K.L.:
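Let me begin by handing over the structure; questions about it come next.
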Amino acid sequence: MPRGQNQGYPAAGDPAPAGRLHAALPGLRGAAPVQVWSGGASDAERLFRIDGATLHIAPFRIDRWGQRYISHGQIRVDLAALTSSLYRIVAVHDFRVEDRNPDLDECPAGVFLARQCEGRWEEAEDHPVECRSVAVLGHLDVAARRIAPP
């Protein structure tokens, strides 16, 4: 997938944190979302697939804090647009999506790709990217094109 044509809406190129917040295209509905229970190896196997230079993240659902965080469509991330590094894949409550759903217990979800900075993982809340961390889904090694459970 050519740089800048990934599905989702990164607002800036890497290393800008806003460029590492991804979501399904608005209105896109795919297969039934994968229920994420533990963030363990079985969740990672069901959620992630790397095809060439593209990371595919299946639709997912996380129940936490009395709410349902749902990504209804597949998220695609252009790995060639990322700095070759290790990333933590974090499910986030995505505030950039206009949410017209009358069910206030259901929230739009996306993913934030956090990097290690000065010995600690970034948090989405460290940056003005309009999202809140919900759960760690896995780790992405861009150079090796490999996904590992949290």
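Please read all numbers here as calculations on a predicted model, not as lab measurements.
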K.L.:
Please give me the minimum heavy-atom distance between G66 and D105, naming the atom from each residue.
P.N.:
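Looking at all heavy atoms of both residues, the shortest contact is O-OD1, 4.0 Å.
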K.L.:
So how far is it from R76 CZ to D51 CG, rounded to the nearest 0.5 Å?
P.N.:
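The distance works out to 9.5 Å.
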K.L.:
Measure the shortest side-chain to side-chain distance between W121 and L86 over non-hydrogen atoms and say whether it is less than 4.5 angstrom.
P.N.:
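Yes; the side chains approach each other to less than 4.5 Å.
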K.L.:
With a cut-off of 6.0 Å (strictly less than), are more than 12 heavy atoms of other residues, nucleotides or ligands near CZ of R145?
P.N.:
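Check passes, neighbour count above 12.
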K.L.:
Using a 4.5 Å cut-off on heavy atoms from C-beta on, say whether the side chain of I147 contacts that of I50.
P.N.:
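A side-chain contact exists here, since the closest heavy-atom pair is under 4.5 Å.
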K.L.:
Looking at the rings of H93 and W65, which for Trp means the six-membered one, are their centres under 6.0 Å apart?
P.N.:
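No, too far apart.
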K.L.:
Where is the tightest heavy-atom contact between A135 and I62, given as atom of each residue plus distance?
P.N.:
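For A135 versus I62, the nearest heavy atoms are CB-CD1, 4.0 Å.
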K.L.:
Going through the distances and angles, do Q74 and R49 end up as a side chain to side chain contact (heavy atoms under 4.5 Å, CB included)?
P.N.:
CA-CA 11 Å; Q74 183 182 79; R49 178 175 57 87; 4.2 Å; yes
K.L.:
Look at E122 together with R20 and state whether they make a salt bridge at an N to O cut-off of under 4.0 Å.
P.N.:
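Looking at E122 and R20, the cut-off is met.
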K.L.:
Could you go through the side chain to side chain contact (heavy atoms under 4.5 Å, CB included) check for R88 and L113 one step at a time?
P.N.:
CA-CA 6 Å; R88 178 184 269 181; L113 301 178; over 6 Å; no
K.L.:
Where do R68 and D103 land on the side chain to side chain contact (heavy atoms under 4.5 Å, CB included) test, with the steps shown first?
P.N.:
CA-CA 10 Å; R68 296 178 309 279; D103 182 353; 2.2 Å; yes
K.L.:
Taking all non-hydrogen atoms of both residues into account, name the closest pair between V90 and A114 and its distance.
P.N.:
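The pair with the smallest heavy-atom distance is CG2-CB, 4.4 Å.
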K.L.:
Donor-acceptor pair, distance only, cut-off 3.5 Å: does the side chain of S71 make one with the backbone of G73?
P.N.:
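Here the side-chain-to-backbone pair exists.
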K.L.:
If every non-hydrogen atom of A23 is compared with every non-hydrogen atom of I75, which pair is closest and at what distance?
P.N.:
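Residues A23 and I75, closest heavy atoms: C-CG1, 3.7 Å.
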K.L.:
Are any of the side-chain nitrogens in D63 or R61 under 4.0 Å away from the carboxylate oxygens of its partner?
P.N.:
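Between R61 and D63 there is a salt bridge, with a charged N closer than 4.0 Å to a carboxylate O.
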K.L.:
Mind listing the closest non-hydrogen atom pair of A124 and V92 along with its distance?
P.N.:
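So the two residues come closest at CB-CG1, 4.2 Å.
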K.L.:
Under the 3.5 angstrom rule, does the side chain of D141 hit a backbone N or O of A144 as a donor-acceptor pair?
P.N.:
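Yes, D141 side chain to A144 backbone: donor-acceptor pair under 3.5 Å.
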K.L.:
Within the 4.5 Å heavy-atom criterion, are S85 and V142 side-chain neighbours or not?
P.N.:
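No - every pair of side-chain heavy atoms lies 4.5 Å or more apart.
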K.L.:
Closest heavy-atom contact between V36 and F60?
P.N.:
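So the minimum-distance heavy-atom pair works out to CG2-CB, 4.1 Å.
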K.L.:
Report the C-alpha distance between R132 and E125 in whole Å, list the side-chain angles of each, state the deciding distance to 0.1 Å, and finish with yes or no for side chain to side chain contact (heavy atoms under 4.5 Å, CB included).
P.N.:
CA-CA 6 Å; R132 178 180 73 183; E125 294 84 355; 3.4 Å; yes
K.L.:
With rounding to the nearest 0.5 Å, note down the distance linking SG in C131 to CD in E123.
P.N.:
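It comes to 10.0 Å.
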